[in-house]
Amino acid sequence: QVTELVLDNCRSSNGEIEGLNDSFKELQFLSMANVELTSLAKLPTLSKLRKLELSDNVISGGLEVLAERCPNLTYLNLSGNKIKDLGTVEALQNLKNLKSLDLFNCEITNLEDYRDSIFELLQQITYLDGFDQEDNEAPDSEDDDDEGDEDDDDEENEAGPPGEYEEEDDEDDGASDLGEGEEEEEVGLSYLMKEEIQDEEDDDDYVEGGDEEEEGK
């Protein structure tokens with residue numbers, strides 16, 4: 001029943017992780033970053049696997065195994081491995097559903113025309129190291145998604161639920177507007193009355209004070 005499995009920083013023995021086998025039939029996401037993996041020869045068959053993280057290992061070849069055992073991969077991260085030439089990557093041509101490939105910090109990235117060569121070699125992929133051929137960033141960052149969700153939420157809140165609730169809202173609004181209006185009127189009148197009284201008192205004080213000064217003079 002497991003669909004996601006993260007084994008980062010575990011230690012592989014003889015190219016395999018103990019307990020990782022064909023029984024993980026539902027696995028869709030597997031991460032084995034920094035496990036000292038030297039080869040994929042003992043990778044189990046994971047037919048539903050979509051995303052595979054293999055960064056910071058010491059894999060240098062044997063990538064043809066991926067197409068045999070994980071044929072539905074859409075995302076593959078091989079950054080920080082020992083991949084040096086295009087011939088090694090060519091084995092990924094059989095991963096027909098692969099859309100995103102990461103090869104950061106592999107020696108192959110030092111080749112002249114590295115990006116153009118990879119896109120030409122693997123025509124099924126859309127993103128290489130997080131960017132497409134036009135240098136547009138892959139739209140899978142969490143920040144963008146969160147911002148989009150917030151915008152959607154705001155719009156939903158402003159719009160309000162449709163249908164019968166709108167009529168109820170209108171009635172409520174009418175009632176509440178009237179109530180607020182009356183209340184505002186009362187408050188306004190009493191406030192004004194107080195102000196007028198205070199003004200009169202102030203005026204009286206001023207006049208009286210003026211008279212006293214004149215008498216003193």
Side-chain angles (χ1 to χ4, degrees), residues 2-8 12 15-17 20-22 24-149:
V2 176
T3 58
E4 295 188 9
L5 185 60
V6 177
L7 300 170
D8 297 353
S12 64
E16 66 180 335
I17 297 248
L20 182 63
N21 52 44
D22 296 352
F24 288 87
K25 300 293 184 190
E26 301 299 316
L27 205 60
Q28 295 179 29
F29 174 80
L30 174 61
S31 184
M32 294 192 293
N34 189 33
V35 297
E36 297 182 354
L37 204 59
T38 57
S39 162
L40 296 174
K42 295 185 179 180
L43 188 71
T45 298
L46 304 166
S47 58
K48 290 191 177 182
L49 198 67
R50 300 272 179 188
K51 294 183 72 175
L52 181 58
E53 292 269 2
L54 294 170
S55 58
D56 301 320
N57 285 292
V58 281
I59 298 165
S60 58
L63 301 183
E64 60 278 353
V65 171
L66 291 172
E68 297 167 15
R69 303 183 192 173
C70 310
N72 291 307
L73 275 185
T74 59
Y75 172 86
L76 176 62
N77 188 348
L78 288 166
S79 58
N81 279 277
K82 303 295 181 184
I83 296 166
K84 300 177 182 179
D85 53 63
L86 293 171
T88 305
V89 177
E90 190 175 0
L92 300 176
Q93 285 178 333
N94 293 325
L95 283 170
K96 302 300 181 186
N97 296 315
L98 191 65
K99 297 297 176 197
S100 181
L101 174 65
D102 280 345
L103 294 169
F104 284 121
N105 296 326
C106 292
E107 285 187 43
I108 191 172
T109 60
N110 296 322
L111 295 178
E112 192 176 348
D113 298 328
Y114 152 70
R115 286 180 61 78
D116 291 340
S117 301
I118 295 289
F119 276 118
E120 188 176 342
L121 188 65
L122 305 175
Q123 296 190 4
Q124 78 274 35
I125 71 171
T126 306
Y127 299 102
L128 175 62
D129 302 334
F131 293 86
D132 66 11
Q133 278 183 283
E134 308 300 324
D135 286 332
N136 296 313
E137 194 170 0
D140 58 353
S141 67
E142 293 177 6
D143 293 339
D144 292 347
D145 292 344
D146 290 344
E147 284 172 12
D149 292 343

Is there a donor-acceptor pair closer than 3.5 Å between any side-chain N or O of [X] and the backbone N or O of [Y]?
{"X": "N34", "Y": "D8", "answer": "no"}
{"X": "D132", "Y": "T126", "answer": "no"}
{"X": "Q124", "Y": "L92", "answer": "yes"}
{"X": "Q93", "Y": "L121", "answer": "yes"}
{"X": "S12", "Y": "V35", "answer": "yes"}
{"X": "S117", "Y": "D113", "answer": "yes"}
{"X": "R69", "Y": "L43", "answer": "yes"}
{"X": "R115", "Y": "D135", "answer": "no"}
{"X": "D102", "Y": "D129", "answer": "yes"}

A quick test of your reading: do over 12 heavy atoms of other residues, nucleotides or ligands sit less than 6.0 Å from NZ of K42?
yes
Does any part of the side chain of [Y], heavy atoms only, come nearer than 4.5 Å to the side chain of [X], both counted from C-beta?
{"X": "L128", "Y": "F119", "answer": "yes"}
{"X": "N105", "Y": "D56", "answer": "no"}
{"X": "N77", "Y": "L52", "answer": "no"}
{"X": "I17", "Y": "M32", "answer": "yes"}
{"X": "L103", "Y": "I118", "answer": "yes"}
{"X": "L86", "Y": "Y114", "answer": "no"}
{"X": "S31", "Y": "L5", "answer": "no"}
{"X": "T88", "Y": "I108", "answer": "no"}

Quick check for you: to the nearest 0.5 Å, what is the distance between [X] atom [atom1] and [Y] atom [atom2]?
{"X": "L37", "Y": "S55", "atom1": "CG", "atom2": "OG", "result": "11.5 Å"}
{"X": "R50", "Y": "Q28", "atom1": "CZ", "atom2": "CD", "result": "7.0 Å"}
{"X": "E53", "Y": "L78", "atom1": "CD", "atom2": "CG", "result": "9.5 Å"}
{"X": "K82", "Y": "E107", "atom1": "NZ", "atom2": "CD", "result": "7.0 Å"}
{"X": "L95", "Y": "I125", "atom1": "CG", "atom2": "CD1", "result": "11.0 Å"}

Shortest non-hydrogen contact from [X] toward [Y]:
{"X": "A67", "Y": "N94", "answer": "CB-CB, 3.6 Å"}
{"X": "C106", "Y": "G80", "answer": "SG-N, 3.8 Å"}
{"X": "Y127", "Y": "A138", "answer": "CE2-CA, 3.5 Å"}

N97 and T74 side chains, donor-acceptor separation under 3.5 Å:
no
Among side-chain atoms of N81 and N57, is any donor-acceptor pair under 3.5 angstrom?
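No, no side-chain donor-acceptor pair sits under 3.5 Å.
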For the residue pair K51 and Y75, would you count it as a cation-pi contact if the rule is NZ or CZ under 6.0 angstrom from the ring centre and within 45 degrees of the ring axis?
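Geometry flag: set, cation within 6.0 Å and 45°.
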Checking L46 against F24 for the side chain to side chain contact (heavy atoms under 4.5 Å, CB included) test, could you report, in this order, the C-alpha distance in whole Å, the side-chain angles of both residues, the deciding distance, and whether it holds?
CA-CA 7 Å; L46 304 166; F24 288 87; 4.0 Å; yes
Test log, rule side chain to side chain contact (heavy atoms under 4.5 Å, CB included), inputs L76 and L66
CA-CA 10 Å; L76 176 62; L66 291 172; 3.7 Å; yes
Give me the one residue out of T3, L73, N72 that meets side-chain contact (heavy atoms from CB on, under 4.5 Å) with L49.
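Exactly one candidate clears the test, L73.
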